[in-house]
Novice: 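Pasting a structure here, questions to come.
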Amino acid sequence: RSRNSEERACGHLEKLLVHILDDNSACREALKRCPELVRTESNPLCFLRCTNFNCQDAAEKTAVYWEERKKIFGEKAFLPLSLDEPSALSNETKKHIMEDITFLLPNQGGSQQVLFWAPARSRHLPARARIELVYYLIFKLFQNPPRNLKDGIIVICCMETMIFNRGSKL
């Protein structure tokens, strides 16, 4: 697709969002309170590419994204997902992100993004912090949607212990 056709599709998606959203929807609230954040943190091009440029489907996915974001972050959903202030992330979640429980490895020119995850280091976290952590990581992975959607993502999971049930089959 050309850059021009992508821009037209994004414009169509934004207009469609205004018409399909309920007055009480989190996406409509986000469009009113933080329209730039809607463009940057729910990248319309990402949703369009995921739906093969079906604007109706992309609009519905964008609306669901904001509903879920509001469920997770409450009123802070309309702040950036950032390690700096202001942020939708709790201080506890930011602390654990900075402790490198999970992080994206720098891309060395390869085609796939690499995510390192040490689940044993995050099991002591409260459920809310784990949910915010996973949400933040998925958000970061899709900051580069064209490449990640096309080439995929590699997840390196650092298991400190492995327990197998002898009776189970692999």
Side-chain angles (χ1 to χ4, degrees), residues 1-98 102-104 106-107 111-115 117 125-155:
R1 293 198 180 258
S2 72
R3 182 97 171 122
N4 193 23
S5 67
E6 288 179 348
E7 287 174 4
R8 279 196 317 271
C10 286
H12 183 64
L13 172 58
E14 287 181 21
K15 289 176 187 170
L16 190 58
L17 272 173
V18 173
H19 294 294
I20 70 164
L21 296 172
D22 294 335
D23 287 341
N24 299 336
S25 76
C27 191
R28 184 176 296 276
E29 185 176 353
L31 285 166
K32 287 179 185 172
R33 291 175 62 174
C34 51
E36 186 58 32
L37 196 64
V38 173
R39 281 189 279 293
T40 58
E41 295 201 5
S42 57
N43 184 344
L45 201 48
C46 183
F47 288 100
L48 286 163
R49 286 183 174 136
C50 285
T51 61
N52 200 25
F53 283 81
N54 180 318
C55 288
Q56 180 70 36
D57 288 350
E60 290 170 7
K61 287 183 183 311
T62 303
V64 168
Y65 169 87
W66 281 98
E67 291 301 325
E68 292 303 312
R69 184 171 167 141
K70 188 167 182 187
K71 282 181 197 172
I72 292 168
F73 297 103
E75 281 304 305
K76 292 177 79 178
F78 308 106
L79 297 172
L81 285 173
S82 169
L83 298 178
D84 301 319
E85 290 296 331
S87 176
L89 299 169
S90 69
N91 288 333
E92 183 174 31
T93 301
K94 288 189 284 189
K95 175 182 171 247
H96 292 294
I97 290 169
M98 290 186 260
T102 307
F103 56 90
L104 296 172
N107 193 306
S111 62
Q112 294 173 311
Q113 183 74 54
V114 179
L115 170 69
W117 178 39
L125 297 176
R128 162 97 22 230
R130 286 195 311 264
I131 291 168
E132 286 185 11
L133 177 69
V134 169
Y135 197 94
Y136 176 76
L137 288 169
I138 292 169
F139 165 74
K140 293 303 284 181
L141 286 169
F142 285 95
Q143 291 295 287
N144 191 2
R147 191 183 76 227
N148 289 343
L149 290 174
K150 179 178 168 275
D151 298 329
I153 299 162
I154 296 171
V155 177

Novice: Evaluate the side-chain proximity of Ile20 to Gln56: yes if any heavy-atom separation is below 4.5 Å, no if none is.
Specialist: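 They are in contact (side-chain heavy atoms under 4.5 Å apart), so the answer is yes.
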Novice: Identify the heavy atoms of Asn43 and Leu45 that sit nearest to each other, and give their distance.
Specialist: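 In terms of heavy atoms, the two residues are closest at OD1-N, 2.9 Å.
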Novice: To the closest 0.5 Å, what do you measure between CZ (Arg130) and CD (Glu92)?
Specialist: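 Interatomic distance, Arg130 CZ to Glu92 CD, rounded to 0.5 Å: 10.5 Å.
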Novice: Please name the pair of heavy atoms, one in Ala59 and one in Leu16, separated by the smallest distance, quoted to 0.1 Å.
Specialist: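 Heavy atoms of Ala59 and Leu16 come nearest at CB-CD2, 4.1 Å.
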Novice: With respect to Arg128, which candidate in Thr93, Leu133, Ile72 satisfies the side-chain contact (heavy atoms from CB on, under 4.5 Å) definition?
Specialist: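 Result: among Thr93, Leu133, Ile72, Ile72 is the only option passing the side-chain contact (heavy atoms from CB on, under 4.5 Å) with Arg128.
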Novice: Mind checking salt bridge (Lys or Arg N to Asp or Glu O under 4.0 Å) for Glu29 and listing every partner two or more places apart, or none if nothing turns up?
Specialist: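 By the salt bridge (Lys or Arg N to Asp or Glu O under 4.0 Å) rule, Glu29 matches Arg33, Lys70.
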Novice: What distance separates Tyr65 OH from Glu41 CD, expressed to the nearest 0.5 Å?
Specialist: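 Answer for the OH-CD pair, Tyr65 versus Glu41, is 5.5 Å.
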Novice: If every non-hydrogen atom of Pro86 is compared with every non-hydrogen atom of Ser82, which pair is closest and at what distance?
Specialist: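 Of all heavy-atom pairs spanning Pro86 and Ser82, the closest is O-CB, 4.4 Å.
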Novice: Of all heavy-atom pairs between Ala58 and Leu13, which one has the smallest distance, and what is that distance?
Specialist: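 Looks like C-CD1, 3.8 Å.
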Novice: Is any side-chain heavy atom of Arg49 closer than 4.5 Å to a side-chain heavy atom of Glu6?
Specialist: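 Counting from C-beta outward, Arg49 and Glu6 do come under 4.5 Å.
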Novice: Is it true that Glu67 and Lys71 make a salt bridge, defined as a side-chain N closer than 4.0 Å to a carboxylate O?
Specialist: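 Here Glu67 does not pair with Lys71 in a salt bridge, since their nearest N and O are not under 4.0 Å apart.
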Novice: Does a side-chain N-to-carboxylate-O contact under 4.0 Å join Arg39 and Glu36?
Specialist: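 Yes, Arg39 and Glu36 are salt-bridged.
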Novice: How about Lys61: does its NZ atom have over 12 heavy atoms from other parts shown lying under 6.0 Å from it?
Specialist: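 Check fails, neighbour count at 12 or below.
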Novice: Between Thr62 and Cys27, what is the shortest heavy-atom contact and its length?
Specialist: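 Taking every non-hydrogen atom into account, CG2-SG, 4.1 Å.
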Novice: With rounding to the nearest 0.5 angstrom, report the CD to CD1 distance, Glu68 to Ile131.
Specialist: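 Between Glu68 CD and Ile131 CD1, I get 10.5 Å after rounding to 0.5 Å.
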Novice: Is the shortest heavy-atom distance from the side chain of Glu85 to the side chain of Asn91 under 4.5 Å?
Specialist: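 Sidechains of Asn91 and Glu85: in contact.
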Novice: Sorted by first residue and then second, give each salt bridge (Lys or Arg N to Asp or Glu O under 4.0 Å) pair with at least one member in residues 13-23; sequence neighbours left out.
Specialist: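 Listed by first then second residue: Asp23-Arg28.
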Novice: To the nearest 0.5 Å, what is the distance between CZ (Phe53) and NE2 (His12)?
Specialist: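 Between Phe53 CZ and His12 NE2, I get 12.5 Å after rounding to 0.5 Å.
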Novice: Which distance, rounded to the nearest 0.5 Å, do you find between the CG of Leu79 and the CG of Leu89?
Specialist: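 It comes to 10.0 Å.
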Novice: Apply side chain to side chain contact (heavy atoms under 4.5 Å, CB included) to the pair Phe73 and Leu81, showing each step before the final yes or no.
Specialist: CA-CA 10 Å; Phe73 297 103; Leu81 285 173; 3.6 Å; yes
Novice: Identify the two heavy atoms, one from Pro44 and one from Cys10, that lie closest to each other, and give their separation to 0.1 Å.
Specialist: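 That closest heavy-atom pairing would be CB-SG, 4.0 Å.
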Novice: Contact between Cys55 and Leu48 at the side-chain level, heavy atoms closer than 4.5 Å - yes or no?
Specialist: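 Result yes, sub-4.5 Å side-chain heavy-atom pair found.
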Novice: Mind checking the CG-CH2 spacing from Leu17 to Trp66? Nearest 0.5 Å is all I need.
Specialist: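 Here the rounded value is 11.5 Å.
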